[in-house]
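In the text below, chain A, chain B and the rest are named by the order of the sequence lines, each starting its count at 1. A quick note: this is a predicted structure, and the numbers were derived from the prediction, not measured.
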There are 2 protein chains.
Amino acid sequence: MVTLAEVARHAGVSASTVSYVLSGKRPISEPTRRRVRASIEQLGYQPHAGARALASSRSRIIALMVPLRTDMYVPVMLEIAVAVATTARARGYDVLLLTGEEGPSALRRVTGSGLAEAVILMDVQLDDGRLPVLRGAAPPAVLVGLPADPAGLNCVDLDFAAAGALCVEHLAGLGHREIAVVGGSPGVYARHTGFAERTLGGLRDRAARLGVGLLHRPCDGSHDAVAGVLARILDERPAVSAFVVQNETAVEPLLSLLRRTGRAVPEDVSVVAVCPEAVAERASVPLTAVAIPAQELGRRAVERLFARLTDPDGPAATGVELLAPVLTARESSGPPPVRRRTD
Amino acid sequence: MVTLAEVARHAGVSASTVSYVLSGKRPISEPTRRRVRASIEQLGYQPHAGARALASSRSRIIALMVPLRTDMYVPVMLEIAVAVATTARARGYDVLLLTGEEGPSALRRVTGSGLAEAVILMDVQLDDGRLPVLRGAAPPAVLVGLPADPAGLNCVDLDFAAAGALCVEHLAGLGHREIAVVGGSPGVYARHTGFAERTLGGLRDRAARLGVGLLHRPCDGSHDAVAGVLARILDERPAVSAFVVQNETAVEPLLSLLRRTGRAVPEDVSVVAVCPEAVAERASVPLTAVAIPAQELGRRAVERLFARLTDPDGPAATGVELLAPVLTARESSGPPPVRRRTD
DNA sequence: CCGCTCCGTCGAAGCGCTTCGATCTTTCGC
DNA sequence: GCGAAAGATCGAAGCGCTTCGACGGAGCGG
């Protein structure tokens, strides 16, 4: 392994000079800098990460905690994770992968040992067990998701309440008066995962305000479950003319079942989803949907983290950032069938 | 931050003693050990990762390189990644997340700087650009996937060729004489991703040996693409009575389309998939399928890596490990319709 | 032409940990 | 009962890097 000292010797300068060339923290004359750079190149020098972390007490690593549950839409998770890694790399940081399984202690471990300078948490519950560790100044952290009490925390998320409202608005605007919500899997609600409840809240508020009927049913993504939920909904509220789907894996089963039971989309029923754009575009009927901006979430999380790292008391050091939802109308939504209106 | 020295002072021993208590590399008397442990507990001591890495030249970190492409089945990737992280943690190692984007240089960077002791690569292509870096002794590495020339490399993968053969065997055993393969997306073949080509090889070999007709068509997962491919297949080979699907996202569209065109599964056509068990179980028709053992792959990869780390010239230090495929018969496969036979 | 201020560079002191002798007891075999 | 081996602990020397204070020399104002 090539060390700083060897580079220094090779370039005929002192070790500290090489260090300053690398860090730019003190002025170095152009010729010297060139010479040092050349030596680094020739010897294939790579600074030792541990030594660096020790001397500077900055590891240039951030930890990312991903859930290991699989009842959420997994591709979104991976996309966020990849966006985090990519953004962090662009800033010279690496990303340590932590699984949710380890819980709060993992956060203490990686920050307490100086392994990671900061953490990003995904899949935050409304009342998350990892939050106590993060309150106060503890380790710098950004949550992707919104807990019940975000005071003193730094959060980024899609504004799911607004997303829910947007769906209802869109459908009500088209003339629908009875809307059914095919929700996330029951486990998501049982765990009080923030996004599911917030979407529901937004849906309900707006529905109430607009005088639109709203029926919500949790639903996991298997075909049979969707079939059961659909049957119940149609049984309880025959007048339902539109569906809002928040469970991405339920999208295709739902479309397929509607088709099979002779309901055309969007002529007979409208379907609106909250899902990644890719899913909406490739569905058997291109879906009118509020996009889940996975990449953007990952990127923003990292950017907030760096803002905090750079200026611990700066404006972005804490607080909640909710991304405004965007609804893209595609082919799955339209006015309700005429007979309904004239009934 | 609490240091080793402070713990030592608190416990009334020397620093080295504390270190030996922690590492167990030299015998320490029971009373002393207890005292030290108590001090560690009381002070909340956590060894500094960087200092450790520097002094011992072992970072206790392995790097995991995930693809950032999304034309493969993403949940499998995440599942492997999580399995890697979990298994590594059980051995006291952490996992650094690298994206494929960075390419070979990232491998050099993280191993050359001592950040990671070893690497695991996912989504290996038949002729992968990252392989040259890994040949020889370079950084210890395990590939999940199988390149064209695995000489000198350490690989784990599902035996996709055998998986393909197994599918054909199963269908031929039921009496099918014409089989169509709905393959991965065209990009997968264009990139020469190993698993796709190997599956196809296995399918073809076995089909040829058993005298069964085989038609292969790449297909990306969108509904429209599946519809197009299905139409072509039925047009070109009307006698096809069974499908093998390797593209998980194409599964539901295919089932839905078969249904719509009045073909009952499995009465009229059989469908066999190569996909994760979860997908097979939750499909609208539970699928006869060869499971992709994502967790097992992740686990085995880490275990092989540790074997290599522990004993660099041991038996497991190199070579290929192919997991035997397992086909589980569910409800999507059965004998071909009788009229076909008597035609 | 003198004292001052920068600029560019160096030397040395750590950062917190591991590890290698070395030292001092014990314990044990014969 | 004595030497040798094993057990328990310590001190010190790094690991490779960052960073602070210092220092010689050049450039400048007066």
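Between the NZ atom of A/K25 and the P atom of C/dG8 there is a distance of 18 Å, rounded to whole Å.
Within residues 28-40 of chain A, the residues having any heavy atom closer than 4.0 Å to DNA chain C are, in order of number, A/I28, A/S29, A/T32.
Panel note: side chain A/R33, backbone A/V21; no donor-acceptor pair is recorded below 3.5 Å. Using modelled atom types, no side-chain atom of A/S59 and backbone atom of A/A53 make a donor-acceptor pair closer than 3.5 Å. Although no hydrogens or angles enter the test, the distance criterion places a donor-acceptor pair under 3.5 Å between the side chain of B/E6 and the main chain of B/T3. Between the A/R304 side chain and the A/G319 main chain, a donor and an acceptor come within less than 3.5 Å of each other. Of the possible polar contacts, none joining the A/S19 side chain to the A/A15 backbone as a donor-acceptor pair under 3.5 Å is found.
Atom CG of A/L322 sits about 8.0 Å away from atom CG of A/L158, to the nearest 0.5 Å.
Not counting sequence neighbours, the partners of A/R34 by the side chain to side chain contact (heavy atoms under 4.5 Å, CB included) test are A/E30. For the salt bridge (charged side-chain N to carboxylate O under 4.0 Å, His left out) test, no residue two or more places apart in sequence or in another chain qualifies with B/D159. Partners of A/R60 according to the side chain to side chain contact (heavy atoms under 4.5 Å, CB included) rule, which considers only residues two or more places apart in sequence or in another chain, are A/R58, A/Y93, A/E117.
Other residues, nucleotides and ligands place more than 12 heavy atoms under 6.0 Å from the CD atom of B/E296.
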Taking N or O atoms only and anything under 3.5 Å, show me the protein contacts with nucleotides 20-24 of chain C, one pair per line.
unit_1, atom_1, unit_2, atom_2, d
C/dC20, N4, B/Y20, OH, 2.6
C/dG21, N7, B/R26, NH2, 3.0
C/dG21, O6, B/R26, NH1, 2.2
C/dG21, O6, B/R26, NH2, 3.3
C/dA22, N6, B/R26, NH1, 3.4

Sub-3.5 Å pairs of nitrogen or oxygen atoms, protein against nucleotides 14-17 of chain C:
unit_1, atom_1, unit_2, atom_2, d
C/dC15, O2, A/A55, N, 3.4
C/dC17, OP1, B/Y45, OH, 2.4
C/dC17, OP1, B/H48, N, 3.3
C/dC17, OP2, B/L4, N, 2.2

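When the side-chain nitrogen and oxygen atoms of B/S14 are compared with OP1 and OP2 of D/dG11, none of them lie within a distance under 4.0 Å.
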